[in-house]
Engineer: 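Input: one structure, supplied below.
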Amino acid sequence: MTASSSKMSSPDPNPAAAKAHPNTTSIDPIFEPEEFDYESLGHDVSIRTHLIAGSVAGITEHTVMYPFDAVKTRLQVVNPSTAAAYSGMRNAFRVMASQEGIRTFWRGASSVVLGAGPAHAVHFASYEKAKKVLVQWRRRVSGKNLESHHLLHGLAGAVATITSDALMTPFDVIKQRMQSYGSRYRNVSHAFMSIMRREGPGAFYVSYGTTISMSIPFQTLHFMTYEYFRERLNPTGRYDPVSHICSGALAGAVAAGVTTPLDVIKTLLQTKGDSLDAEIRNAKGFRDGGGIVWRRHGLSGFTRGFGPRVMVHVPSTAVCWGLYEYFKWVLHQRETR
């Protein structure tokens with residue numbers, strides 16, 4: 001029997017499919033690339049997926065760049081000890097490593113790990129929910145599809161930061177107290193109990209107003225910038241890790257640089273309980289903190305820690321968005337199988 005007759009005698013396992021697509025070649029679905037509109041993930045992804053993806057991304061973001069955050073805190077402290085008066089970022093790294101050892105760059109890191117997981121889980125879940133609600137509301141009002149309206153992304157980011165900062169601020173206070181020069185605290189639990197006993201529970205939220213005042217513009221700029229660059233770098237809307245990482249880095253740089261003055265005031269308020277300066281210890285809020293910085297350092301005082309702050313946020317937001325979008329994509333695929 002010839003090869004041609006053998007081929008003709010073989011029954012077609014799916015004659016209907018062959019008839020419908022006579023000129024197509026069968027492809028193993030295992031190796032067929034899956035393509036779908038990544039933008040649709042924001043509409044039908046479960047809250048559980050946002051919580052898990054946000055938690056993993058938040059913990060990784062904060063721990064990877066923690067040493068830079070420690071240096072930023074040292075540079076922003078007003079009226080520091082002469083042993084902690086650094087001329088710049090490089091000098092701070094060198095002096096801290098030589099005088100206090102490498103471990104000093106990781107003091108208080110466990111506080112961030114404990115707080116960043118739940119705070120970022122709530123942050124991203126709140127953002128996605130707020131964005132969806134705002135887009136739907138705007139669509140009903142205008143009758144137009146404004147899915148890429150960047151102002152709505154900024155407003156959703158502002159809503160998200162109010163809820164997440166309520167969880168994260170106490171952990172941030174403990175972290176910065178442990179990062180300060182000559183910190184007396186042995187670990188996170190010792191810091192918590194000491195602050196609670198000496199200053200009361202209000203010490204953990206003394207900077208909340210300033211934190212919100214900083215975080216709302218930060219997150220508004222952050223999410224608006226991220227969504228803007230993501231759409232420009234990835235107009236197809238498919239999952240693309242490079243565009244997520246690059247957009248995250250750009251968003252972090254813009255938001256961190258613009259809000260540095262507010263971060264200086266926040267650091268002053270969060271570390272004032274351990275200060276030997278009576279005026280700093282008695283600072284009550286945003287106005288007092290800003291006045292102290294202005295009187296002692298002038299306009300340049302509000303840029304203290306600018307370099308380390310941007311260096312922290314560029315890679316950390318790149319990592320955070322890259323991981324968040326990846327886990328959101330992976331978990332969504334598993335849920336839909």
Engineer: Is there a donor in the side chain of Thr163 and an acceptor in the side chain of Asp165, or the other way round, less than 3.5 Å apart?
Structural biologist: no
Engineer: For Glu199, check side-chain hydrogen bond (donor to acceptor under 3.5 Å, both in side chains) against everything at least two apart and list the hits.
Structural biologist: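 Scan of Glu199 (side-chain hydrogen bond (donor to acceptor under 3.5 Å, both in side chains), adjacent residues dropped) gives Arg177.
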Engineer: Give a yes or no answer on whether the side chain of Ser98 reaches the backbone of Val95 with a donor-acceptor pair at less than 3.5 Å.
Structural biologist: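 The answer is yes, because a donor-acceptor pair under 3.5 Å joins these two groups.
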Engineer: How far apart are the C-alpha atoms of Phe105 and Tyr66, what are their side-chain angles, what is the distance that settles it, and do they pass the ring pair (Phe, Tyr, Trp, His ring centres under 6.0 Å) test?
Structural biologist: CA-CA 7 Å; Phe105 293 108; Tyr66 193 81; 9.7 Å; no
Engineer: First locate atom OG1 of Thr236, then atom CD of Glu231, and finally report the distance between them rounded to the nearest 0.5 Å.
Structural biologist: 11.5 Å
Engineer: Taking 4.0 angstrom as the limit, do Asp263 and Arg304 come out as a salt bridge?
Structural biologist: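 No, Asp263 and Arg304 are not salt-bridged.
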Engineer: Would you say CZ of Arg232 has more than 12 non-hydrogen atoms from neighbouring residues, nucleotides or ligands within 6.0 angstrom?
Structural biologist: yes
Engineer: Going hydrophobic residue to hydrophobic residue with side-chain gaps under 4.5 angstrom, can you get from Phe204 over to Met178?
Structural biologist: yes
Engineer: Can the ring centroids of His313 and Phe218 be said to lie less than 6.0 angstrom from one another?
Structural biologist: yes
Engineer: With under 30° as parallel and over 60° as perpendicular, where do the rings of Trp329 and Tyr326 fit, or are they tilted in between?
Structural biologist: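 The rings of Trp329 and Tyr326 sit tilted, inter-plane angle from 30° to 60°.
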Engineer: Is it true that a side-chain atom of Thr260 and a backbone atom of Ala256 form a donor plus acceptor pair closer than 3.5 Å?
Structural biologist: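 Looks like yes, one N/O pair under 3.5 Å.
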Engineer: Measuring from atom NE2 of His123 to atom CD1 of Ile162, what distance do you get when rounded to the nearest 0.5 angstrom?
Structural biologist: 11.5 Å
Engineer: Could you walk me through whether Arg107 and Glu100 pass the salt bridge (charged side-chain N to carboxylate O under 4.0 Å, His left out) check?
Structural biologist: CA-CA 11 Å; Arg107 282 182 57 82; Glu100 303 172 57; over 6 Å; no
Engineer: Taking CZ in Phe93 as the centre, count heavy atoms belonging to other residues, nucleotides or ligands within less than 6.0 Å. Is the count above 12?
Structural biologist: yes
Engineer: Where do Lys272 and Glu279 land on the salt bridge (charged side-chain N to carboxylate O under 4.0 Å, His left out) test, with the steps shown first?
Structural biologist: CA-CA 9 Å; Lys272 74 186 185 72; Glu279 185 183 19; over 6 Å; no
Engineer: Is the backbone of Gln179 close enough, under 3.5 Å, to the side chain of Ser183 for a donor and an acceptor to pair up by distance?
Structural biologist: no
Engineer: Which residues pass the salt bridge (charged side-chain N to carboxylate O under 4.0 Å, His left out) test with Arg186, not counting sequence neighbours?
Structural biologist: none
Engineer: Could you tell me how the ring of Tyr208 sits relative to the ring of Tyr205: parallel (under 30°), tilted (30 to 60°) or perpendicular (over 60°)?
Structural biologist: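 Tyr208 vs Tyr205 ring planes: perpendicular.
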Engineer: Judged by modelled atom types alone, do Thr271 and Gln176 share a side-chain donor-acceptor pair under 3.5 Å?
Structural biologist: no
Engineer: Please tabulate, one pair per line, all N/O donor-acceptor pairs under 3.5 Å involving side-chain atoms of residues 281-288, not counting sequence neighbours.
Structural biologist:
{"from": "Arg281", "atom 1": "NH1", "to": "Ser275", "atom 2": "O", "distance (Å)": "3.1"}
{"from": "Arg281", "atom 1": "NH1", "to": "Leu276", "atom 2": "O", "distance (Å)": "3.3"}
{"from": "Asn282", "atom 1": "ND2", "to": "Ala278", "atom 2": "O", "distance (Å)": "3.0"}
{"from": "Asp288", "atom 1": "OD2", "to": "Lys284", "atom 2": "N", "distance (Å)": "2.9"}

Engineer: Verify the distance criterion only: is there a donor paired with an acceptor across the side chains of His244 and Tyr226 at less than 3.5 Å?
Structural biologist: yes
Engineer: Got Trp294 and Leu299 here, is their nearest side-chain heavy-atom distance under 4.5 Å?
Structural biologist: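 Answer yes - side chains close enough.
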Engineer: How many angstroms lie between atom CD1 of Ile174 and atom OH of Tyr185, to the nearest 0.5 angstrom?
Structural biologist: 9.5 Å
Engineer: Taking the basic N atoms (NZ, or NE/NH1/NH2) and the acidic carboxylate oxygens, is any pair closer than 4.0 Å for Arg230 and Asp240?
Structural biologist: no
Engineer: Does atom CE (Met193) have a neighbourhood of more than 12 heavy atoms from anything else shown, all under 6.0 Å?
Structural biologist: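 For Met193, atom CE is not crowded (no more than 12 foreign heavy atoms under 6.0 Å).
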Engineer: Apply salt bridge (charged side-chain N to carboxylate O under 4.0 Å, His left out) to the pair Lys175 and Asp69, showing each step before the final yes or no.
Structural biologist: CA-CA 10 Å; Lys175 177 205 73 171; Asp69 185 71; 2.7 Å; yes
Engineer: Answer yes or no: are there more than 12 heavy-atom neighbours, outside Arg103 itself, under 6.0 Å from its atom CZ?
Structural biologist: no
Engineer: When you compare the side chains of Gln99 and Tyr181, does any donor N or O come within less than 3.5 Å of an acceptor on the partner?
Structural biologist: no
Engineer: In terms of relative ring orientation, are Trp321 and Phe124 parallel, tilted or perpendicular, with 30° and 60° separating the classes?
Structural biologist: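 Ring orientation, 0 to 90° scale: perpendicular.
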Engineer: For the side chain of Ser55 and the backbone of Leu51, is there at least one donor-acceptor N/O pair under 3.5 Å apart?
Structural biologist: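 Side chain of Ser55 to backbone of Leu51: no pair is present.
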Engineer: Could you grab the distance from atom NE2 of His222 to atom CG of Leu250, nearest 0.5 Å is fine?
Structural biologist: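 So the NE2 of His222 and the CG of Leu250 are separated by 10.5 Å.
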Engineer: Rounded at 0.5 Å granularity, tell me how far CG in Leu155 sits from NE2 in His153.
Structural biologist: 10.5 Å
Engineer: Quick check for you: to the nearest 0.5 Å, what is the distance between Ile245 atom CD1 and Leu233 atom CG?
Structural biologist: 12.0 Å
Engineer: Do you know the tightest heavy-atom contact between Leu262 and Pro217?
Structural biologist: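 Smallest heavy-atom distance, with atoms named: CD1-CG, 4.1 Å.
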Engineer: Donor-acceptor pair, His120 side chain versus Ala116 backbone, under 3.5 Å?
Structural biologist: yes
